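Only one structure is covered here, and it is reproduced in the block below.
Quick note on labels: first sequence line is chain A, next is B, and so on, each numbered from 1. Keep in mind that what you see is a predicted model, and the values were worked out from it rather than measured.
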Amino acid sequence: MITVKNVSKEFVSNKKYPGFKGAIKGLFSNEKVSKVAVDNISFHINKGEIVGYIGSNGAGKSTTIKMMTGILTPTNGECLVNGVNPSKQRKINAQNIGVVFGQRTQLWWDLPLSESFTILKEIYNISDQAYQESMTFLNKILDLYSFFDRPVRTLSLGQRMRADLGAALLHNPKVLYLDEPTIGLDLVVKDNIRKAIKEINEKYQTTVILTTHDIEDIEELCSRIIVIDNGKKIYDGSLEKLKDTYGTKRKVSMEIKQLNAFEGIELSETLGVTPDLCSTRLDVEKNTLEVTFDKNKLQVPQVINAVMSIADVQDIQIQETELAEIVKAIYQHNVAK
Amino acid sequence: MNKTLKIYKPFAMNELKRQMAYKASFYLFLVISLFSSFISYFLWMAIYGSTDANTLGGLSQNEMVIYIFMVYVTSSIVTISISEWVSEDVVKGSVAMNLIKPIDYRMSLISRAIGTMIYQFMVPSILVWIGLEVYKVTVLGMDLTHLSNIILYLLSSVMSFLIFVLFDFCFGMIAFFTTYIFGMLMVKDALISFLAGQLIPLSFFPEGIQRIFDFLPFSSMIYTPVMIYLGKYQGSELIFVLSRQVVWVILLYILGDLIWRKVTKRLVVLGG
Ligand SMILES: Nc1ncnc2c1ncn2[C@@H]1O[C@H](COP(=O)(O)OP(=O)(O)OP(=O)(O)O)[C@@H](O)[C@H]1O
Ligand SMILES: [Mg+2]
């Protein structure tokens, strides 16, 4: 469905100097600054997949989306969406895609929402019957009719986002690009948007590419994620595999009455491993002992046994590393692998 | 053709509706722009009064009155500044929103311009025009303008409109390279009002300079239809000025296409 082959994007702009003197200097200097926003990225996405495209601020997510939608032309490499090169055959490509940029709207600001939809109907050449069907479905999942007659500029952010998603889906596109579709939304609206995306994907086998900073979006929607950092692809695979590869730590919290029994004791010694594989933290107020360890080297029962050999344990909680933690670690460049 | 019409008609209709929604600012604009026509009217009347010649630059005093007000009528339906919309779209980043839809950006702008043109034609133009004809017959004692001249004038004005918006589209492309286009818009307006004959009829210029004007698109924007209205062109000359307009429409269409291709290739969309 979508093939991205060795795509790079370099932004070149004139160097700017600070202050008034700088502005004058800028007039005469020909110095350029270049920024490689996307660096030799390749991937392939199949029909019906929902792919999470994640990375820290400025990683190059939006730039990639813009190239896949045909708004930007890659400096090198090429994209093929449904057999069409988006930047060369922009209009043909546009017929097949739906796009939501969470930060801005594609609707006509001054017009009632209903008018925007009427215009889109003409632009995408949608038959009356298909339009009716689409609208019924979209209204069901996004509840558009409750604000259909209001000018877009009077809509709340959540309403606008639902409207934008509806507008992107009206012509039943084969591919849906969502650049931060849940930015600034409350929990209920976020949930509705996610459900809508899921339903569309299931009903029409729509391919979805989604960038987000909300981990829950990814956990609930994406079967596959692509992580980019500094313009480079650093991970591409399933969510489970990401957790497996990067989430090597496991945490066990135990409630213990005689916490002082652990003072001065190195649990790693008790377990016979090096200290970097197992660390402990005492919480005197809650009477808990937290043991964080490498799940590839140590098993949970081993750890619990070691603790119980020192004192009685009243309650046990076992936690996987959260996805958020993993992602944070990746963004901060301090992952083990 | 039919399909194209269906796609772009909403753009024109929207603009029409939008214009109607901002009536107040529009009437203010109307009064101010008519005001400047009256200034130039009194100025020219003083000039004609102070000379013994019957005609200046080939125009009699009465023809000058018609010239001044027909310039007003023509420019309000021709000079629709789509480059301002382009710069607005660039600054707001909404060009991207146009590019993700299967529409032609230039066509959507021109359709919006058509909506504006229809509105401006209905509201100030036709009123001033009728007023002028009434004034001609009752005060100046002239005949009504001949129907054939009116038809030719309208035909020529439509081409003027196309020449203007196609030119202005090319001009608006500057917005993609410098975010500050406002100053240039002022310069453009000043230049056009001079080169298109809005301020002074082009026939007032020396021969040599008029030859240069012949090779620029600006005279085809306002001067040509107004002179046709005045019946200043006959026979082969008439055919020449009309064909020159057609040529400009074609040339500027192609030029805009080329520039747009270049621009989209190195287009930088801000934000996100
Ligand atoms: N027009 C431009 N000119 C110069 N540099 C740019 C331009 N657009 C983007 N960049 C740079 O390219 C890099 C990638 O930007 P991009 O918008 O793709 O990031 P992103 O991953 O979407 O980030 P965010 O999560 O903050 O939206 C950034 O460093 C940005 O500053
Ligand atoms: Mg972004």
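Among residues at least two apart or in separate chains, ring pair (Phe, Tyr, Trp, His ring centres under 6.0 Å) pairs with a member in residues 81-107 of chain B are B:Tyr105-B:Trp260.
Across all their heavy atoms, A:Arg104 and B:Ala96 have their closest contact at NH1-CB, 4.3 Å. Contact record, A:Ala94 with B:Pro102: CB-N, 3.5 Å, taken as the closest heavy-atom pair.
Within the 4.5 Å cutoff, no side-chain heavy atoms of B:Met97 are placed close to those of A:Thr105. Side-chain contact between B:Ile100 and A:Ile71: present, with at least one pair of heavy atoms (C-beta onward) separated by less than 4.5 Å.
Both cation-pi conditions hold for B:Lys101 and A:Trp108: the charged atom is under 6.0 angstrom from the six-membered ring centre and inside a 45 degree cone around its axis.
The salt bridge (charged side-chain N to carboxylate O under 4.0 Å, His left out) test applied to B:Glu88 returns B:Lys92, not counting sequence neighbours. Residues passing the salt bridge (charged side-chain N to carboxylate O under 4.0 Å, His left out) test with A:Arg90: none are found, sequence neighbours excluded.
The local environment of NZ in A:Lys233 is crowded, with over 12 non-hydrogen atoms from other residues, nucleotides or ligands closer than 6.0 Å. For B:Met173, the CE atom is densely surrounded, since the number of other residues' heavy atoms within 6.0 Å is greater than 12.
Residue contact with chain A, scored on non-hydrogen atoms closer than 4.5 Å, is absent for B:Lys9.
Atom CG of residue B:Asn14 and atom OG of residue A:Ser116 lie 8.0 Å apart, to the nearest 0.5 angstrom.
Scanning residues 118-134 of chain A against chain B with a 4.5 Å non-hydrogen threshold yields A:Ile119, A:Leu120, A:Glu122, A:Ile123, A:Tyr124, A:Asn125, sorted by number.
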